[in-house]
Each structure stands twice: as C-alpha cells, then as structure tokens.
Peer 1: 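This is the structure I have questions about; it appears just below.
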Amino acid sequence: MLHIRKALIACLLISTLTPAISFAQDEKPAIKVIDPDKRVPSANPAALDTEHFEAGVYTGFLSVEDFNTNPLWGFSARYYFNQKLLIEASIATSETERANPEGTLDFNPERDFSYVSISAGYQLLKGRSFWGKKRKFNSGLYALAGVEQVDFADESNTGLLLGISYKTVLTDWLTINLDFKNHIVERNFVGDDKVTQNTEFAIGINTIF
C-alpha cells in the first residue's frame, strides 16, 4: 500500500512540473538569421541605343596657311549607320587676317574662309572617359575623310578633308566632341598658286535623337 502511495505522489509531481518546464522552453526567444543583400548595383553609362541622328554647333580655331590662326564657328550633323560607321555634313566660317604674300599691295579680297563638307567616319577605338571616381562615359575615336567646297579670297575650290574626332556621350540626348581636321585645298592668291594645308581644332556640343 505504501508503494502505491509513493507512485501516485511521484506521478502527481511529474504532471505538475511538466507544464512549467514546457512554458520555460517556450519563453526562449527565437534566433533570426539576417541574410545581407549581396546584389551590387551596376552603373550604366549613357549610350547610343536607337538614336541615329546627331546635330549641334562647334567652335574653335582655324589656321589658314599664310593667314595666321583665327576663331571658327560652325554647324554639323551626323547620321550613324551603326556604332562603327557614320556620315557627317558640316558648314563653318572663319574671318582671316591680312596675308603675308600681300606685302604692300593695296589688295582687299574676301577674307572669310568658309567651307561646306561631307565626310565619312569610322570608329577606330571604343572606350570610357572618366570624370572623378564615380562618373564614367562611353567614348569613341573616329577617323574622318571627305570632300568639301571652300570659298576664300574670291575663289571657290574643291578640297579634301581629313580628320580625327573624339566623341563622349554625356547623357542619352547630349554629346560633346573634340575634332582635329586638315582642309587640303589648292589656292591661287596674288600669283601664288599652291596646295595649302589649313588645320582646324574645335569643340562641339550636340543633341542626339
């Protein structure tokens, strides 16, 4: 009889303590694992997508042989067949100073050196231009070659244009370019008949559409 009482008391104690133990286990806070976002946002520089036309203005300096270096203003338009090939039309003018061959002659010709040109371009190099540590822009180096009509010193002659153009795409609608061109044209001025080399350096700003 005594053993039965001890067994009942033991069962009663176990049944009483079990909910307390379970409650204590439920009180333990759950551990939450935070997985950091490992995705790194990538910078997407502006580029020519479906736009094929580009038009803008440019200014710089034109060194006319025998007539010193003078300011230049012009307008250009480009059409891109693809990222490699383009065609460009441009028109510009520069007012020159008195020429060395004139000497003491009382001679006053039309001194504006004006040209209208059409040329083709081919992309030689493609890369990126950086402005600071966080800004980068798509860029390209193009070789240009074409023909032009040059009006200067009361003459109108057909010439050859050769050049290099470095272009940077700033936004989806705005570009800038640095151009170096050589205008090769035959000129007859005050009895001096020769093929002249007239070099141009200019910077342009354009919109693409």
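Given the structure is predicted, the values throughout are model-derived calculations rather than measurements.
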Peer 1: What's the verdict on side chain to side chain contact (heavy atoms under 4.5 Å, CB included) for Asn188 and Glu155, showing C-alpha distance, side-chain angles and the deciding distance?
Peer 2: CA-CA 8 Å; Asn188 189 332; Glu155 289 187 348; 3.2 Å; yes
Peer 1: Can you find a heavy atom in the side chain of Val147 that is under 4.5 Å from one in the side chain of Ser117?
Peer 2: no
Peer 1: For the ring pair Phe53 and Tyr79, is the centre-to-centre distance below 6.0 Å?
Peer 2: yes
Peer 1: What orientation do Phe67 and Phe152 show, parallel under 30°, tilted 30 to 60°, or perpendicular over 60°?
Peer 2: perpendicular
Peer 1: Are Leu178 and Phe180 packed together at the side-chain level, in the sense that at least one heavy-atom pair is separated by less than 4.5 angstrom?
Peer 2: no
Peer 1: If we check side chain to side chain contact (heavy atoms under 4.5 Å, CB included) with Lys167, which of these qualifies: Asn138, Thr175, Leu86?
Peer 2: Thr175
Peer 1: First locate atom CG of Leu141, then atom OG1 of Thr168, and finally report the distance between them rounded to the nearest 0.5 Å.
Peer 2: 10.5 Å
Peer 1: For Ile208 versus Thr171, what's the shortest heavy-atom pair and its separation?
Peer 2: CD1-O, 4.3 Å
Peer 1: Does a side-chain heavy-atom distance below 4.5 Å link Glu200 with Leu72?
Peer 2: yes
Peer 1: Think Lys181 forms a cation-pi with Tyr58, using NZ or CZ under 6.0 Å from the six-ring centre and within 45 degrees of its axis?
Peer 2: yes
Peer 1: Do Asn182 and Leu161 come within less than 4.5 Å of each other through their side chains, counting heavy atoms only?
Peer 2: no
Peer 1: Nearest 0.5 Å, what's the CG-CD1 distance between Leu144 and Ile87?
Peer 2: 11.5 Å
Peer 1: I'd like to check Tyr166 versus Asn177 (side-chain heavy atoms, cut-off strictly below 4.5 Å). Are they in contact?
Peer 2: no
Peer 1: Taking a hydrophobic cluster as the set of Ile, Leu, Val, Met, Phe, Trp and Tyr residues connected by side-chain heavy atoms closer than 4.5 Å, whether directly or through intermediates, do Ile203 and Trp73 fall within one such cluster?
Peer 2: no
Peer 1: Excluding sequence neighbours, so at least two apart, what forms side chain to side chain contact (heavy atoms under 4.5 Å, CB included) with Ser156?
Peer 2: Gln149, Asp151
Peer 1: List, by chain and then residue number, the residues other than Leu162 in its hydrophobic cluster (Ile/Leu/Val/Met/Phe/Trp/Tyr, side-chain heavy atoms under 4.5 Å); write none if there are no others.
Peer 2: Leu160, Ile184, Val195
Peer 1: For residues Leu85 and Leu125: do they belong to one hydrophobic cluster (side chain heavy atoms under 4.5 Å, members Ile, Leu, Val, Met, Phe, Trp, Tyr)?
Peer 2: yes
Peer 1: Within this structure, what is the OG1-CG distance for the pair Thr96 and Asp66, rounded to the nearest 0.5 Å?
Peer 2: 10.5 Å
Peer 1: Write down the atom of Ser76, the atom of Ser90, and the distance for their closest heavy-atom approach.
Peer 2: CB-CB, 4.0 Å
Peer 1: Are side-chain heavy atoms of Asn70 and Phe61 found at a separation under 4.5 Å?
Peer 2: no
Peer 1: Taking 4.0 angstrom as the limit, do Glu65 and Arg187 come out as a salt bridge?
Peer 2: no
Peer 1: Determine whether the side chains of Ser165 and Asp179 contain a donor N or O and an acceptor N or O closer than 3.5 Å.
Peer 2: yes
Peer 1: Just by distance, no angles: are the side chains of Asn157 and Glu186 close enough, under 3.5 Å, to form a donor-acceptor pair?
Peer 2: no
Peer 1: Can you name the nearest heavy-atom pair linking Asn206 to Gly56, along with the distance?
Peer 2: OD1-CA, 3.5 Å
Peer 1: Minimum heavy-atom separation for Ser114 and Thr93, please, with both atom names.
Peer 2: OG-OG1, 3.0 Å
Peer 1: Test of understanding: with side chain to side chain contact (heavy atoms under 4.5 Å, CB included), list the residues that count as partners of Lys84, not counting sequence neighbours.
Peer 2: Asn82, Tyr122, Gln123
Peer 1: Distance check, rounded to the nearest 0.5 Å: Phe209 atom CZ versus His52 atom NE2?
Peer 2: 12.0 Å
Peer 1: Determine, stepwise, if the pair Phe113 / Val150 fulfils side chain to side chain contact (heavy atoms under 4.5 Å, CB included).
Peer 2: CA-CA 7 Å; Phe113 187 104; Val150 177; 3.5 Å; yes
Peer 1: In terms of relative ring orientation, are Tyr80 and Tyr142 parallel, tilted or perpendicular, with 30° and 60° separating the classes?
Peer 2: perpendicular
Peer 1: Would you say Phe137 and Leu174 are hydrophobically clustered, going by side-chain heavy atoms of ILVMFWY under 4.5 Å?
Peer 2: yes
